Amino acid sequence: MTTPSVPRRRLGRTVGTVAAAVIGIAFAFPLLWVLTSSLRPGNDIFSYLSPLSIGSFLPIHADPASYGALVHSDFGRAILNSIVVSLVTVVFGLLFSAMAAFGLSAIKFRGQGVLFGIVVLSFLIPFDAISIPLADLFRDVNLQNTYLGLILPGIGNGLAIFLMRQFFLAIPTEIVEAARMDGLGWWGVFTRIYLPLSKPTLVGAGMTLFLFQWQAYMWPLLIGTEPSKQLAPIALANMRGQFTVDFGQVFAGSLVLTVIPLVLILVFQRHYTQSLASTGTKD
Amino acid sequence: MTTVTKTKETVAPQRKAKRPLWMRLRQSPAAAALLFLAPGLLFLVVLRIAPAVSAVASSLFHYSLLRDTTSFVGFDNYATLFRDSDFHQAVLVTLLFNVIINPLQIAVSLALAVLLNQKLAGVRFWRALVFLPIAVPPAVSAVVWDVAFQPNGLINAFLRVFGLPAQPFLTSGSQALWSIMILCSWIGVGYWMMFLISGLNDIPTSLYEASTLDGAGAWKRFWYITFPMLRRPLAFVLVADTVSNFLVFAPVQILTNGGPENATNLAMFDIYRRAFTLGNMNLAQAEVVLLMLVTLVVVAVQFRLLRSKE
């Protein structure tokens, strides 16, 4: 046996722990800075940066004024828009994707492969790349600056269908056949058997749909230009592009835009990472 | 549930010939499946495939503002692009960006995945800290790092502590692209690490135990067990990461507008600029088609990578 000696292993573990701690703190550090800066109204953050000290990063003398101001600015409205657009996308996206996945897995029929091919093809086409031609088509039918125009592209999500199909395929067909024999219709099989069994994958696909909309930048930039229809990332970018920038508000907005998906990811982390990881690592 | 599985054999296709057509259709599994598929597929066809086809079609036409007519020009738009020096610059910048950022992000994600998958004190917490930035939307990362990169911002404040001179970052032709790589990697690395950690956990521990008995050191174990067993997740991460980095847009549009002197004119921004600043939609569509082709080639390579061994 040539396992490393105990002291050497202990040393390795200590070095590893120190490295893990330093890296972890380095990654989270900018977020701490965002939090602290969001509690320093106006351009106060710059005076805290020279000279640099521990106090530059700790929220001492915290003043939440920027959050109050944010509520009454264009950004407040934009955050509401983002929430509405993302939630509606999740509800309809989950329903239609789950239905499609059901049609591609629970029921066997000729030509299924071709239809699944459409799903695969659609998620191989990167959305950002086609958003300029799509925006052109949307303008032709007057969908610019409408909630419908902002929501629709998020609902058709090939990846969500793919994720759920993978999961549905693992449900034994005997259950379906037995339920059919008992007189349960396909809709019943879908809502009473498949959906209740699929909570983890529904959460994973729901997160995929939510984050797609929440993080979108190109599409809302192309289609939601009117202030009343701006989404939060656009409003944030505009805030930073103004002639006089209120950095306290920019950071407060950044924090709000980050905390909402962060809480969801942390709550659903296990489901989310599992279902995503299954796209790449398994067949 | 055990009582119902007995009556399995009576799936009844033989009786349906006598029924009227609509009833047969109602009974047919294909019709039921199509009803379930219809809304989802309709969305995909209209919102993903139709615009791709429309980009291809539109790239073959030319719209003349003077005469307000659209005429078929074949591959002229592509020829124009290939002669255009801004397009050359965009291709060059996009390639340079990807040649650097993809290996870098994947090497860092892999190293972090291996490190943070060890049994270390508080490792779950450190891992969570690396995860945190994956919640940050690209536009937010751009805005936050913009302030950090300011002449009197966070990074220069750090440099000053170490007695180093202030750097221009986003306003420098040689530093702007690197600055964008940093803000993309901050939110990207933890995300890709997640896939690799899940791949690491799928490797049977018995392999490691056996190799330890055989006297293999840590490096040998990584090279002969971890690396080959991670092939699938690595290939996936490589492709997904490459595709997403070919499409970087928000940081460029928010921070540099492709500048200074086109140094950050990545392909997506070049397309956007052509469509809206220069107003040449047909040329933009031709570039969209080229970008789609590049990403499809990257994905095709992935399928080869994944298949070659099985």
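All values reported here derive from a predicted model rather than from experimental measurement. Throughout, protein chains are lettered first and strands after them, A, B, ... in sequence-line order, and every chain is numbered starting at 1.
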Which pair of heavy atoms, one from [X] and one from [Y], lies closest together, and at what distance?
X: A:Trp186; Y: B:Ala32; value: CD1-CB, 3.4 Å
X: A:Ala100; Y: B:Leu37; value: O-CD2, 3.3 Å
X: A:Thr258; Y: B:Pro137; value: OG1-CD, 4.1 Å

Quick one: does any side-chain atom of B:Arg48 pair with a main-chain N or O of A:Ile125 as donor and acceptor, under 3.5 Å?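 No, B:Arg48 side chain to A:Ile125 backbone: no donor-acceptor pair under 3.5 Å.
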Return yes if some donor-acceptor pair links the side-chain N/O of A:Arg240 with the main-chain N/O of B:Asp146 below 3.5 Å, else return no.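 Here the side-chain-to-backbone pair does not exist.
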Which region of [X], side chain (C-beta onward) or backbone (N, CA, C, O), has a non-hydrogen atom less than 4.5 Å from a non-hydrogen atom of chain A, or is it both or neither?
X: B:Leu247; result: both
X: B:Val161; result: side chain
X: B:Ala148; result: both
X: B:Asn156; result: neither
X: B:Leu291; result: side chain
X: B:Phe276; result: side chain
X: B:Val46; result: backbone
X: B:Gln118; result: neither
X: B:Val289; result: neither

Any side-chain heavy atom of [X] sitting closer than 4.5 Å to one from [Y]?
X: B:Val147; Y: A:Phe251; value: yes
X: B:Phe249; Y: A:Leu221; value: yes
X: A:Gln215; Y: B:Val140; value: no
X: A:Val119; Y: B:Leu41; value: yes
X: A:Phe29; Y: B:Leu129; value: no
X: A:Pro133; Y: B:Val288; value: yes
X: B:Phe43; Y: A:Ser122; value: no
X: A:Leu121; Y: B:Leu44; value: no

Can you name the side chain to side chain contact (heavy atoms under 4.5 Å, CB included) partners of B:Leu234, sequence neighbours left out?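 B:Leu234 satisfies side chain to side chain contact (heavy atoms under 4.5 Å, CB included) with B:Ile106, B:Leu196, B:Phe227, B:Leu230 only.
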Of the backbone (N, CA, C, O) and the side chain (C-beta and beyond), which part of A:Leu257 lies under 4.5 Å from a heavy atom of chain B, both, or neither?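 Contact with chain B is through both the backbone and side chain of A:Leu257.
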Measure A:Leu124 against the heavy atoms of chain B and call it side chain, backbone, both or neither at under 4.5 Å.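 Interface part for A:Leu124: both.
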For A:Phe27, which residues count as a ring-ring contact (aromatic ring centres under 6.0 Å, His included) partner, sequence neighbours excluded?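 Applying ring-ring contact (aromatic ring centres under 6.0 Å, His included) to A:Phe27 gives none.
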Can you tell me how the ring of B:Phe36 sits relative to the ring of A:Trp187, calling it parallel under 30°, perpendicular over 60° and tilted otherwise?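 Taking A:Trp187 first and then B:Phe36, their aromatic rings lie parallel (interplane angle under 30°).
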Most contacts with chain B, counted as non-hydrogen pairs under 4.5 angstrom, among A:Ala21, A:Ala237, A:Gly16, A:Gly103: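 Most pairs with chain B among the choices: A:Ala21.
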